[in-house]
Colleague: 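Please see the structure below; I have some questions.
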Amino acid sequence: MRGVIMHAPGDVRVEERENPRIQEPTDAVIRIVAACVCGSDLWPYRGADTPDQQAMGHEYVGVVEQIGDAVVTVVPGDFVVGSFVISDNTCAICAAGYQSRCVEAIFVDGEIGTQAEYARIPHADGTLVATPGQPDEDLIPSLLAASDVLGTGWFAAVAAEVGPGKSVAVVGDGAVGLMGVLAAKQLGAQKIIAMSRHADRQELARDFGASDIVVERGDQGVERIKELTDGLGADCVIEAVGSQESMMQAIRSTRPGGHVGYVGVSHDVELPGGELFFGLVHLHGGPAPVRRFLPELIQLIWDRTIDPGKVFDRTLPLEQAAEAYAAMDSRESVKVLLKP
């Protein structure tokens with residue numbers, strides 16, 4: 001089969017890979033119908049994490065081709081959405097709602113890689129969720145979003161304790177930040193402030209439910225957030241970048257007693273103890289337990305209540321994966337869908 005391999009920063013190739021096969025009774029092999037490039041894929045692409053001929057891709061939807069003898073929740077022919085972290089969904093950590101830290105957790109990048117024609121999914125019962133039927137073509141981008149960016153933005157909003165009547169600020173206007181805006185709207189937030197300097201992303205943010213746009217950064221950005229929240233800061237802040245600047249922007253934009261939900265993959269972030277102590281800000285986040293939210297998100301998409309697939313602004317064949325990475329790296333595209 002064909003699949004994407006990152007050989008070095010900036011060096012993405014589509015190459016022949018071994019066809020996946022059932023190795024354990026809990027495995028499933030799926031035919032990938034759609035995959036995409038994630039913002040977190042850009043960290044190794046830019047050299048922040050050194051790749052070593054790594055199979056790429058962790059966002060995926062597809063059709064079940066084969067199942068192991070122990071698989072009971074999906075059958076061949078099912079259209080499925082999977083989380084970017086493999087989980088058994090039965091251990092004590094999963095039962096508490098943190099499937100991304102399952103005792104059997106495996107990140108789909110690397111050994112598996114779903115920017116490919118097929119993929120083996122371990123612990124299929126705990127990782128894959130079947131849709132109510134075969135989806136219409138126009139639903140596939142939204143279902144693909146559920147496998148990571150929508151679930152991650154949703155977790156960020158839940159971690160930030162977004163709820164009816166609350167004010168929310170979103171730091172980061174990439175796909176996850178935009179999905180955080182959508183989640184905040186669905187969870188009943190009254191004021192949703194998106195921080196963005198890009199007209200196309202501002203438009204998407206407003207479409208997903210943002211009431212205000214802030215273009216400033218740093219201290220000026222914090223002051224603008226406070227001006228929009230009675231001088232106090234937002235009740236809830238979503239951090240969707242992972243840098244030192246974005247984390248401090250999020251913390252300083254939060255009112256005392258407020259909550260930050262952080263889901264940007266952390267790179268060289270250091271938290272000042274004194275500022276945290278006197279800020280009285282709650283911090284909660286990490287790799288999103290997407291599997292916790294998949295049944296709910298799939299149903300919202302199936303019922304056409306939400307349309308997160310709008311976050312994809314370009315579709316390319318798998319063979320043009322290098323172009324997809326370059327477009328997202330240069331911010332020409334918000335998110336690129338890949339069709340095997």
Side-chain angles (χ1 to χ4, degrees), residues 39 149 152-272 274-285 310-311 331 334-335:
V149 288
T152 296
W154 201 275
F155 172 60
V158 170
E161 301 207 359
V162 174
K166 291 190 176 181
S167 59
V168 181
V170 180
V171 180
D173 65 354
V176 170
L178 291 166
M179 293 296 95
V181 170
L182 183 154
K185 181 67 174 179
Q186 287 296 308
L187 292 170
Q190 182 176 27
K191 180 183 288 290
I192 304 171
I193 306 162
M195 305 193 79
S196 174
R197 292 174 170 172
H198 302 87
D200 56 341
R201 296 166 191 245
Q202 292 172 5
E203 183 178 351
L204 262 178
R206 289 196 182 279
D207 192 31
F208 286 139
S211 56
D212 299 272
I213 303 293
V214 167
V215 299
E216 293 86 353
R217 291 290 183 270
D219 292 342
Q220 289 184 320
V222 171
E223 286 308 308
R224 283 290 296 130
I225 297 292
K226 290 185 176 180
E227 287 173 12
L228 291 166
T229 54
D230 299 323
L232 302 175
D235 300 311
C236 317
V237 178
I238 291 170
E239 190 284 320
V241 181
S243 68
Q244 180 73 24
E245 179 185 8
S246 63
M247 180 62 90
M248 296 314 301
Q249 181 92 47
I251 291 170
R252 291 167 181 166
S253 297
T254 308
R255 68 187 301 168
H259 295 76
V260 174
Y262 61 94
V263 291
V265 180
S266 179
H267 284 76
D268 300 320
V269 174
E270 296 182 357
L271 301 178
E275 188 165 348
L276 286 180
F277 184 82
F278 289 103
L280 287 173
V281 171
H282 301 77
L283 297 178
H284 181 38
K310 291 179 181 178
V311 77
R331 298 181 73 85
V334 177
K335 195 164 180 68

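Residue numbers count from 1 along this sequence. Computed from a predicted structure; not experimentally measured.
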Colleague: Specify the closest pair of heavy atoms between Gly261 and Ala160, including all atoms of both residues, with the distance to one decimal.
Modeller: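 That would be N-CB, 3.6 Å.
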Colleague: Hey, could you give me the CG/CG distance between Leu204 and Leu178, rounded to the nearest 0.5 Å?
Modeller: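 Between Leu204 CG and Leu178 CG, I get 5.5 Å after rounding to 0.5 Å.
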Colleague: Only counting residues at least two apart or in another chain, list the ones meeting side chain to side chain donor-acceptor pair (under 3.5 Å) with Gln190.
Modeller: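 Residues passing side chain to side chain donor-acceptor pair (under 3.5 Å) with Gln190: none at all.
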Colleague: Do you know which two heavy atoms are closest between Ala156 and Ile238, and how far apart they sit?
Modeller: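 Scanning both residues, the minimum pair turns out to be CB-CG2, 3.7 Å.
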Colleague: Tell me whether the rings of His259 and His282 are parallel (<30°), tilted (30 to 60°) or perpendicular (>60°).
Modeller: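 Judged by the thresholds at 30° and 60°, the geometry between His259 and His282 is parallel.
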Colleague: May I ask you to check whether over 12 heavy atoms, not counting those of Gln220, lie within 6.0 Å of atom CD?
Modeller: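 Not buried by this count: 12 neighbours or fewer within 6.0 Å.
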Colleague: Please name the pair of heavy atoms, one in Gln249 and one in Met195, separated by the smallest distance, quoted to 0.1 Å.
Modeller: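 Scanning both residues completely, I find the closest heavy atoms to be NE2-CE, 3.4 Å.
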Colleague: Before accepting this row, confirm whether a basic side-chain N of the pair Glu203/Arg206 lies closer than 4.0 Å to the acidic partner's carboxylate O.
Modeller: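 Judged by the 4.0 Å cut-off on N to carboxylate O distance, Glu203 and Arg206 do not form a salt bridge.
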Colleague: Is the shortest heavy-atom distance from the side chain of Arg197 to the side chain of Arg217 under 4.5 Å?
Modeller: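 Arg197 reaches Arg217 side chain to side chain.
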Colleague: I'd like to check the side chain to side chain donor-acceptor pair (under 3.5 Å) partners of Thr254; sequence neighbours left out, ordered by chain and number.
Modeller: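 Once residues adjacent in sequence are excluded, Thr254 has no partner under the side chain to side chain donor-acceptor pair (under 3.5 Å) criterion.
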Colleague: Is there a side-chain contact between Leu187 and Lys166 in this structure, where contact means two heavy atoms from C-beta onward sitting under 4.5 Å apart?
Modeller: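 Contact flag for Leu187/Lys166 side chains = no.
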Colleague: Listed by chain and number, what are the side-chain contact (heavy atoms from CB on, under 4.5 Å) partners of Ala184, not counting sequence neighbours?
Modeller: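 Ala184: side-chain contact (heavy atoms from CB on, under 4.5 Å) contacts with Val162, Val168, Ala189, Ile192.
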Colleague: Which residue in the set Val263, Val334, Leu182, Val176 passes side chain to side chain contact (heavy atoms under 4.5 Å, CB included) when paired with Val149?
Modeller: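 Output: one option passes, namely Val176.
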Colleague: With rounding to the nearest 0.5 Å, note down the distance linking OG in Ser246 to CD in Glu239.
Modeller: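 Answer rounded to 0.5 Å: 3.5 Å.
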Colleague: With rounding to the nearest 0.5 angstrom, report the OG to CG distance, Ser167 to Asp212.
Modeller: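 Going from the OG atom of Ser167 to the CG atom of Asp212 covers 10.5 Å.
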Colleague: Tell me, please, which residues at least two apart from Asp200 pass side chain to side chain donor-acceptor pair (under 3.5 Å).
Modeller: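 Expected list: none.
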Colleague: Hey, mind stepping through Ile193 and Arg224 against side-chain contact (heavy atoms from CB on, under 4.5 Å) and telling me if it holds?
Modeller: CA-CA 10 Å; Ile193 306 162; Arg224 283 290 296 130; over 6 Å; no
Colleague: To the nearest 0.5 Å, tell me how far Lys226 NZ sits from Arg252 CZ.
Modeller: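 Spacing of NZ (Lys226) from CZ (Arg252) equals 10.0 Å.
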Colleague: For the CG atom of Asp207 and the NZ atom of Lys310, what is their distance to the nearest 0.5 Å?
Modeller: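 Nearest 0.5 Å value for the CG-NZ distance: 3.5 Å.
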Colleague: Would a 4.5 Å heavy-atom cut-off, applied to side chains only, mark Arg201 and Arg331 as touching?
Modeller: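 Yes, side chains in contact.
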Colleague: With Val265, which residues qualify under side-chain contact (heavy atoms from CB on, under 4.5 Å), at least two apart?
Modeller: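 Val265: side-chain contact (heavy atoms from CB on, under 4.5 Å) contacts with Ser40, Trp43, His267.
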Colleague: How close do Ile251 and Leu271 get, counting heavy atoms only, and between which atoms?
Modeller: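 Answer, listing the atom of Ile251 first, then Leu271: CD1-CD2, 3.9 Å.
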Colleague: Can you see which heavy atom on Ile225 is nearest to which on Ser253, and at what distance?
Modeller: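 Of all heavy-atom pairs spanning Ile225 and Ser253, the closest is CG2-O, 3.7 Å.
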Colleague: So, do Phe155 and Met179 sit near enough that their side-chain heavy atoms are less than 4.5 Å apart?
Modeller: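 Counting from C-beta outward, Phe155 and Met179 never come under 4.5 Å.
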Colleague: Can you measure from CE (Met247) to CG (Leu283) and round to the nearest 0.5 angstrom?
Modeller: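 CG of Leu283 is found 6.0 Å from CE of Met247.
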Colleague: Listed by chain and number, what are the side chain to side chain donor-acceptor pair (under 3.5 Å) partners of Ser196, not counting sequence neighbours?
Modeller: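 Expected list: Asp173.
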Colleague: Taking all atoms of both residues into account, what is the closest heavy-atom pair of Asp235 and Arg255, and its distance?
Modeller: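 Looking at all heavy atoms of both residues, the closest pair is OD1-NH1, 2.7 Å.
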